[in-house]
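FYI, side chains are in, hydrogens and waters are out, and symmetry mates aren't considered; it's all heavy atoms of this structure.
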Amino acid sequence: MTDLKEVFEARRSVNFFDKQKGLDEQVLQNIINLATLAPSAFNLQPWQIIAVKTDEAKKRLYPLASNQPKILDAPVTLIIIGDRAGYEKDNPAWSDLEKMLGNKEALEKTQQFAYALYGTTPERKIKFAESNAGLLAASIMYAAKYFGVESHAMSGIDFEGIHKEFKLGTDKEVVMLIALGYFDESKTLYPRRFRKNFKDMVQVV
Ligand SMILES: Cc1cc2nc3c(=O)[nH]c(=O)nc-3n(C[C@H](O)[C@H](O)[C@H](O)COP(=O)(O)O)c2cc1C
């Protein structure tokens, strides 16, 4: 599927994954590498992913995801992680920006500005991590559809429990899970549900 409009129209949250169909490692890499073109603040890409693929890891995730069968049925579930400290100086995106700006002073000013915007309160840190990682997550779901792979996002999960179980660092934030795989054709997907449209949700001022 190469037409973007078609990809948007065809993507669904697929509740039923075919347990017999694995997800090729190269396809997974293609999906993630395409999705990394997602925009992010200052191009800082404050995100990280754990791909839960083995039976052992799935069994650890399952009870922390409200026992949603997708975790066991889908070949891979991604833990989408936001980095609340992704604006800090060790982020390699800064050296890339320094090359673009051509001087250290301009870089330092930009870093200070980013810190003021995203690093000064716990709320700002969370917003920074979650808004950017959310865009990555959406991009992954559309990229998956482009490569013929179905997806299902989940936030009906124990965020703290997953954080602990998968030994994430203090500044890391579990944002959502995304199951990836192929639809179990023996099942029927519920019809596409109600969507708000322009006039329901846009206030033009
Ligand atoms: C952030 C997020 C979290 C979600 N969490 C769950 C979940 O835990 N369990 C579930 O069955 N569906 C979950 N969904 C799927 C939504 O119910 C689904 O996207 C919505 O009903 C629209 O259907 P569609 O994706 O097929 O268009 C989630 C979706 C998103 C984007």
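- The two residues L189 and V14 have their closest heavy-atom pair at CD1-CA, 4.0 Å.
- Here the side chains of E173 and I126 are in contact, with some heavy-atom distance below 4.5 Å.
- When the side chains of ILVMFWY residues are joined at heavy-atom separations under 4.5 Å, either directly or via intervening members, V205 and V202 end up in two distinct hydrophobic clusters.
- Side-chain atoms of E130 and N132 include no donor-acceptor pair closer than 3.5 Å.
- Between the Q68 side chain and the G156 main chain, a donor and an acceptor come within less than 3.5 Å of each other.
- A donor-acceptor pair is defined here as one N or O able to donate and one able to accept, closer than 3.5 Å; such a pair exists between the side chain of Q45 and the backbone of N43.
- Looking at every heavy atom in both residues, A133 comes nearest to G82 through CB-CA, 4.0 Å.
- For K196, there are no salt bridge (charged side-chain N to carboxylate O under 4.0 Å, His left out) partners at least two apart in sequence or on another chain.
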Check the pair L44, W94 against side chain to side chain contact (heavy atoms under 4.5 Å, CB included), reporting the backbone distance first and the verdict last. CA-CA 8 Å; L44 286 169; W94 286 128; 3.5 Å; yes
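- For K145 and E150, the salt-bridge test passes: some basic side-chain N is under 4.0 Å from an acidic carboxylate O.
- What you find for V174 and F159 is that their closest heavy atoms are O-CD2, 3.1 Å.
- Counting heavy atoms from C-beta outward, D83 and W47 have side chains that stay 4.5 Å or more apart.
- No side-chain heavy atom of I79 sits under 4.5 Å from any side-chain heavy atom of I178.
- Residues passing the salt bridge (charged side-chain N to carboxylate O under 4.0 Å, His left out) test with E108, sequence neighbours excluded: none.
- Nearest heavy atoms, H163 versus G169: NE2-O, 2.9 Å.
- With sequence neighbours left out, the side-chain hydrogen bond (donor to acceptor under 3.5 Å, both in side chains) criterion links Q26 to N30.
- In this structure, F8 has its ring center closer than 6.0 angstrom to the ring center of Y142.
- For D158, the side-chain hydrogen bond (donor to acceptor under 3.5 Å, both in side chains) criterion is met by no residue, not counting sequence neighbours.
- Considering only heavy atoms from C-beta on, L135 comes within 4.5 Å of P39 through its side chain.
- Tracing side-chain contacts under 4.5 Å through hydrophobic residues (I, L, V, M, F, W, Y), one never reaches I50 starting from M176; they form parts of separate clusters.
- Each of L177, I157, V52 was scored for a side-chain contact (heavy atoms from CB on, under 4.5 Å) with I71, with one residue passing: L177.
- Side-chain heavy atoms closer than 4.5 Å link hydrophobic residues (I, L, V, M, F, W, Y) into clusters, and following such links, possibly through other members, connects L34 to V76.
- Judged by distance alone, the side chain of R124 and the main-chain N or O of A116 form a donor-acceptor pair under 3.5 Å.
- The heavy-atom pair separating Y118 from Y87 by the smallest distance is O-CE2, 3.7 Å.
- Under the 4.5 Å side-chain heavy-atom criterion for ILVMFWY residues, a single connected hydrophobic cluster contains both M141 and I32.
- Formation of a donor-acceptor pair under 3.5 Å by the R192 side chain with backbone atoms of E9 is found in this model.
- For the residue pair Y182 and G22, the shortest heavy atom distance occurs at CE1-O, 3.4 Å.
- Listed by chain and residue number, T54, R60 satisfy the side-chain contact (heavy atoms from CB on, under 4.5 Å) test with E56 (two or more places apart in sequence, or in another chain).
- Atom CG of D24 sits about 9.0 Å away from atom CD of Q29, to the nearest 0.5 Å.
- At a threshold of 4.5 Å between non-hydrogen side-chain atoms, the residues V27 and I31 count as touching.
- Judged purely by atom type and a 3.5 angstrom limit, N15 has no side-chain atom pairing as donor or acceptor with the backbone of K70.
- A donor-acceptor pair under 3.5 Å is absent between the side-chain atoms of H152 and the main chain of A179, judged by distance alone.
- Judged purely by atom type and a 3.5 angstrom limit, K58 uses its side chain to pair as donor or acceptor with the backbone of A74.
- Residues L180 and T77 have side chains not in contact (no heavy-atom distance under 4.5 Å, counting atoms from C-beta outward).
- Side-chain contact check for F42 versus N91: every heavy-atom pair is 4.5 Å or farther apart.
- When hydrophobic clusters are built by joining Ile, Leu, Val, Met, Phe, Trp and Tyr residues whose side-chain heavy atoms come closer than 4.5 Å, directly or via intermediates, L72 is not grouped with F16.
- V175 has its side chain out of reach of L136: every pair of non-hydrogen atoms, C-beta onward, lies at least 4.5 Å apart.
- With sequence neighbours excluded, the residues satisfying side-chain contact (heavy atoms from CB on, under 4.5 Å) with S186 are D184.
- R12 forms a cation-pi arrangement with Y190, by the criterion of a distance under 6.0 Å to the ring centre and an angle within 45° of the ring axis.
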